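Letters A, B, ... are given to chains in the order of the sequence lines, protein chains preceding strands, and every chain is numbered from 1. Predicted model, so just to flag it, every value in this text is computed and none were measured. The analysis underlying the following values was restricted to heavy atoms, covering all of them including side chains, and did not include hydrogens, waters or symmetry mates.
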Amino acid sequence: MTSYQRVTGMRDVLFDDQPYWRYILEKIQQTTDLFGYRRLDTPVLEQANLFIRGVGEGTDIVEKEMYLFEDRDGDYLALRPEFTAGIMRAYIENGLHTLPPPLRVWTTGPLFRHERPQAGRYRQHSQFDIEVIGEQDPAVDVEVISLAWHLFTALGFFGLRLYINSTGCPQCKPAYIQTLVDYFTQFAGKLPPDDQMRLKKNPLRILDSKEEATQPLLEHAPRITDHLCKECETHFSKLKSYLEAIDRPYIVDYRIVRGLDYYTKTVFEIKADGLGSQDTICGGGRYDGLIEELGGQPTPGIGFGSGIERYVIALRHLGVMPPPEPLPQVTVSYLGEAAKLVALKLAESLREANIGAQFTPGDRSFKAQLKAANRLNAKFAIILGENEINAGQALVRDMANSEQTPVDLTEVVSWLTERL
RNA sequence: GUGGCUAUGGCUCAAUGGUAGAGCACCUGGUUGUGGCCCAGGAGGUUGUGGGUUCGAGCCCCACUAGCCACCCCA
């Protein structure tokens with residue numbers, strides 16, 4: 001065995017996966033262009049306090065999942081576990097509030113969370129992320145969901161489900177949590193240990209519980225949608241009517257409780273098949289208090305993160321094939337040192353003419369070199385031996401029908417251009 | 001952080017406690033300079049690591065590490 005191996009939860013993206021990544025990135029670009037979102041990239045490293053403050057001290061991400069370290073200057077840094085806090089930092093730091101609102105941005109790149117890996121979950125993963133900053137109209141909530149849906153449709157997804165909920169706001173959420181605690185406290189004896197913990201630590205999580213004993217209790221548990229304040233109630237009902245206006249089917253799921261502290265009002269998830277138990281490919285919501293929390297002016301915002309590794313898994317499951325990678329259609333083979341020099345030069349000329357060409361190195365037999373052409377699935381193999389060099393020609397072999405045509409060296413580029 | 005399963009050539013996997021194998025991939029030959037199919041040959045392993053039991057361990061036991069799956073939680 002090799003002495004070095006991947007760090008736990010990290011993956012190599014090998015050739016079979018790359019066509020998916022290329023395809024996905026291309027569709028992301030097209031979709032964000034279509035909706036008028038602009039790319040904004042932030043560093044992988046931020047001050048750890050940004051996330052502690054932004055994501056929330058009690059969250060799992062901050063409490064037990066962040067990659068933290070002190071750098072050589074003694075600064076306390078974190079590998080970003082999510083995008084939103086960094087983008088809000090960039091928004092504030094670069095004075096982006098001076099741009100005409102709402103600001104629509106997207107980004108992509110690696111995120112890091114020290115979790116236990118499993119299907120569809122890695123310690124380094126990539127997300128496609130969208131943020132709309134500076135607008136509280138539920139119409140942008142719908143726009144963001146629509147953008148996600150558009151992308152998934154363009155990628156060839158089917159069978160996706162959209163779940164929405166409202167998580168309230170600082171006006172109504174605390175009272176609801178109290179109602180919930182009161183409700184479950186009367187059944188505290190019936191709750192499994194995990195849910196007793198949740199009741200104390202994070203009561204909203206009970207809604208999400210998969211414990212069997214808890215399920216019957218959940219049916220009559222108070223729902224946040226019955227306890228929203230006027231403003232949140234209006235926002236949620238408009239969200240639903242706007243979704244209906246664009247014919248986007250949704251499921252109201254009062255159990256959606258997102259794990260980050262900053263969410264207010266709208267939260268949503270999109271789920272796909274084929275992913276095992278980690279089946280959410282897109283999750284997000286509104287964070288109207290976050291920018292102020294991070295030191296900016298009170299500014300509403302909404303966004304989502306969407307796991308690209310999960311796209312690849314789910315697309316495979318659905319049988320969606322990405323376009324194959326474009327490979328060189330020509331190989332250049334030679335026999336003998338004199339021919340090698342000519343071959344090197346010819347391969348160079350072909351590429352200069354924008355014809356994909358691969359030199360077959362190693363002074364191997366023509367047999368081996370043509371084998372390489374075959375493996376590459378090349379359309380043409382150019383053969384340069386002593387005879388060809390003496391005649392100032394190249395032998396161009398059509399790999400499909402094995403026909404070989406002598407072509408003057410000076411004509412090879414134009415000959416191929418006509419036929420590719 | 002918890003639990004279950006797993007770990008043998010590059011990959012996928014065999015091997016009643018008794019000489020580590022196959023398929024695929026790779027290289028060479030079968031053609032003085034010609035791919036795919038076929039045939040022949042070759043290279044590639046201290047069986048994840050460290051201990052233990054045994055005359056003898058890939059196989060049994062323990063620990064560690066890693067992977068997979070699930071919980072927690074999330075994308």
Side-chain angles (χ1 to χ4, degrees), chain A residues 1-11 14 16 55 58-65 81-84 108-130 148 192-195 197-198 201-202 204-205 208-211 256-260 268-272 275-284 303-314 331 333-336 339 360 362 364-389 395-404:
Chain A
M1 283 285 106
T2 50
S3 38
Y4 293 103
Q5 50 188 14
R6 287 183 292 266
V7 171
T8 297
M10 308 282 157
R11 300 185 337 131
L14 300 181
D16 287 352
V55 176
T59 60
D60 279 10
I61 286 181
V62 166
E63 208 166 69
K64 48 193 194 193
E65 294 174 3
E82 59 109 48
F83 278 121
T84 305
T108 187
L111 302 176
F112 302 84
R113 295 178 195 172
H114 193 102
E115 300 178 274
R116 192 71 178 265
Q118 71 182 77
R121 171 194 288 165
Y122 311 104
R123 288 186 178 178
Q124 176 180 335
H125 77 282
S126 298
Q127 286 186 20
F128 163 52
D129 184 273
I130 283 290
D194 277 6
D195 283 331
M197 269 307 285
R198 293 187 175 102
K201 246 190 98 186
N202 193 343
L204 288 174
R205 288 256 157 255
D208 209 17
S209 173
K210 287 163 198 155
E211 299 285 346
I256 293 183
V257 180
R258 315 230 71 248
L260 291 69
F268 68 95
E269 293 183 359
I270 297 172
K271 290 175 185 280
L275 284 163
S277 67
Q278 309 303 319
D279 59 353
T280 300
I281 60 167
C282 180
F304 67 72
S306 193
I308 296 178
E309 285 80 0
R310 290 184 185 176
Y311 295 5
V312 176
I313 295 168
T331 60
S333 303
Y334 63 93
L335 216 55
T360 59
R364 279 190 243 279
S365 64
F366 269 134
K367 185 186 176 78
Q369 296 187 66
L370 284 172
K371 202 168 186 168
N374 191 55
R375 263 190 303 239
L376 190 66
N377 209 6
K379 278 207 170 65
F380 296 100
I382 294 174
I383 295 168
L384 293 163
E386 221 175 306
N387 302 340
E388 287 73 29
I389 301 304
L395 204 52
V396 184
R397 179 181 180 88
D398 184 324
M399 293 298 286
N401 58 20
S402 303
E403 275 174 29
Q404 301 196 149

Worksheet item: What residues, two or more places apart in sequence or in another chain, satisfy side chain to side chain contact (heavy atoms under 4.5 Å, CB included) together with Ile313(A)?
Response: Tyr122(A), Leu275(A)

Practice prompt. Starting at atom CG of Leu395(A), determine the distance to atom C1' of G33(B), rounded to an integer number of angstrom.
Written response: 10 Å

Practice prompt. Sorted by first residue and then second, give each salt bridge (Lys or Arg N to Asp or Glu O under 4.0 Å) pair with at least one member in residues 110-127 of chain A; sequence neighbours left out.
Written response: Glu115(A)-Arg121(A)

Worksheet item: Side-chain N or O of Arg364(A) less than 4.0 angstrom from OP1 or OP2 on U34(B)?
Response: no

Item to complete: Tell me, with the steps shown, if Ser277(A) and Gln118(A) meet side-chain contact (heavy atoms from CB on, under 4.5 Å).
Response: CA-CA 9 Å; Ser277(A) 67; Gln118(A) 71 182 77; 3.2 Å; yes

Practice prompt. Have a look at Gly336(A) and say if it touches a base, only the backbone sugar-phosphate, or nothing, with a 4.0 Å heavy-atom cut-off.
Written response: nothing

Discussion item. Please classify the nucleic acid contact of Glu388(A) as base, sugar-phosphate, or nothing, using heavy-atom distances under 4.0 Å.
Written reply: base

Worksheet item: Quick one: the side chain of Gln5(A) and the base of U65(B), do they pair up donor-acceptor inside 3.5 Å?
Response: no

Worksheet item: So with a 6.0 Å cut-off around CG of Asn401(A), is the heavy-atom count from everything else above 12?
Response: yes

Fill in: nucleotides 69-75 of chain B: protein proximity per nucleotide (B base, S sugar-phosphate only, - neither; heavy atom, under 4.0 Å)
SBBBBBB

Worksheet entry | Atom P, compared across C11(B) and U46(B): separation rounded to whole Å | 13 Å

Response to the item:
Intra- and inter-strand pairing of RNA chain B, written as dot-bracket with Watson-Crick and G-U pairs under 3.5 Å and | for the latter, reads (((((((..((((....[..)))).(((((.......))))).....(((((..]....))))))))))))....

Practice prompt. Tell me what Ser333(A) touches on the nucleic acid: a base, only sugar-phosphate, or nothing, going by heavy atoms under 4.0 Å.
Written response: nothing

Item to complete: Using side-chain hydrogen bond (donor to acceptor under 3.5 Å, both in side chains) as the criterion, list what pairs up with Asp60(A), not counting sequence neighbours.
Response: none

Worksheet item: Mind checking what makes side-chain hydrogen bond (donor to acceptor under 3.5 Å, both in side chains) contact with Arg310(A), not counting sequence neighbours?
Response: none

Response to the item:
For Ala368(A), the side chain to side chain contact (heavy atoms under 4.5 Å, CB included) test, sequence neighbours excluded, returns Arg364(A), Ser365(A)

Worksheet item: Can you name the residues that form a side chain to side chain contact (heavy atoms under 4.5 Å, CB included) with Thr59(A), not counting sequence neighbours?
Response: Val55(A), Ile61(A), Val62(A), Asp261(A)

Discussion item. What's the gap between G21(B) and C27(B) when it is taken at their P atoms, as a whole Å value?
Written reply: 24 Å

Report, one line per pair, each donor and acceptor closer than 3.5 Å where one atom sits in a side chain of residues 371-387 of chain A; sequence neighbours left out.
| from | atom 1 | to | atom 2 | distance (Å) |
| --- | --- | --- | --- | --- |
| Lys379(A) | NZ | Gln329(A) | OE1 | 2.8 |

Fill in: Listed partners of Ile308(A) passing side chain to side chain contact (heavy atoms under 4.5 Å, CB included), at least two apart
Trp21(A), Ile24(A), Ile28(A), Thr108(A), Ser126(A), Phe128(A), Tyr311(A)

Hey, what are the protein-to-nucleotides 36-38 of chain B N/O distances that come in under 3.5 Å?
| from | atom 1 | to | atom 2 | distance (Å) |
| --- | --- | --- | --- | --- |
| G36(B) | O4' | Asn374(A) | ND2 | 3.0 |
| G36(B) | O6 | Ser402(A) | OG | 3.0 |

Worksheet item: Rounding to the closest angstrom, what is the interatomic distance between G48(B) and A43(B) at atom P?
Response: 23 Å

Discussion item. I want to confirm an ordering. Mapping Gly385(A) and Ser365(A) to their closest nucleotides on RNA chain B, which one lands closer to the 5' end?
Written reply: Ser365(A)

Worksheet, complete the sentence: Across all chains, not counting sequence neighbours, the side-chain hydrogen bond (donor to acceptor under 3.5 Å, both in side chains) partners of Gln127(A) are His125(A)

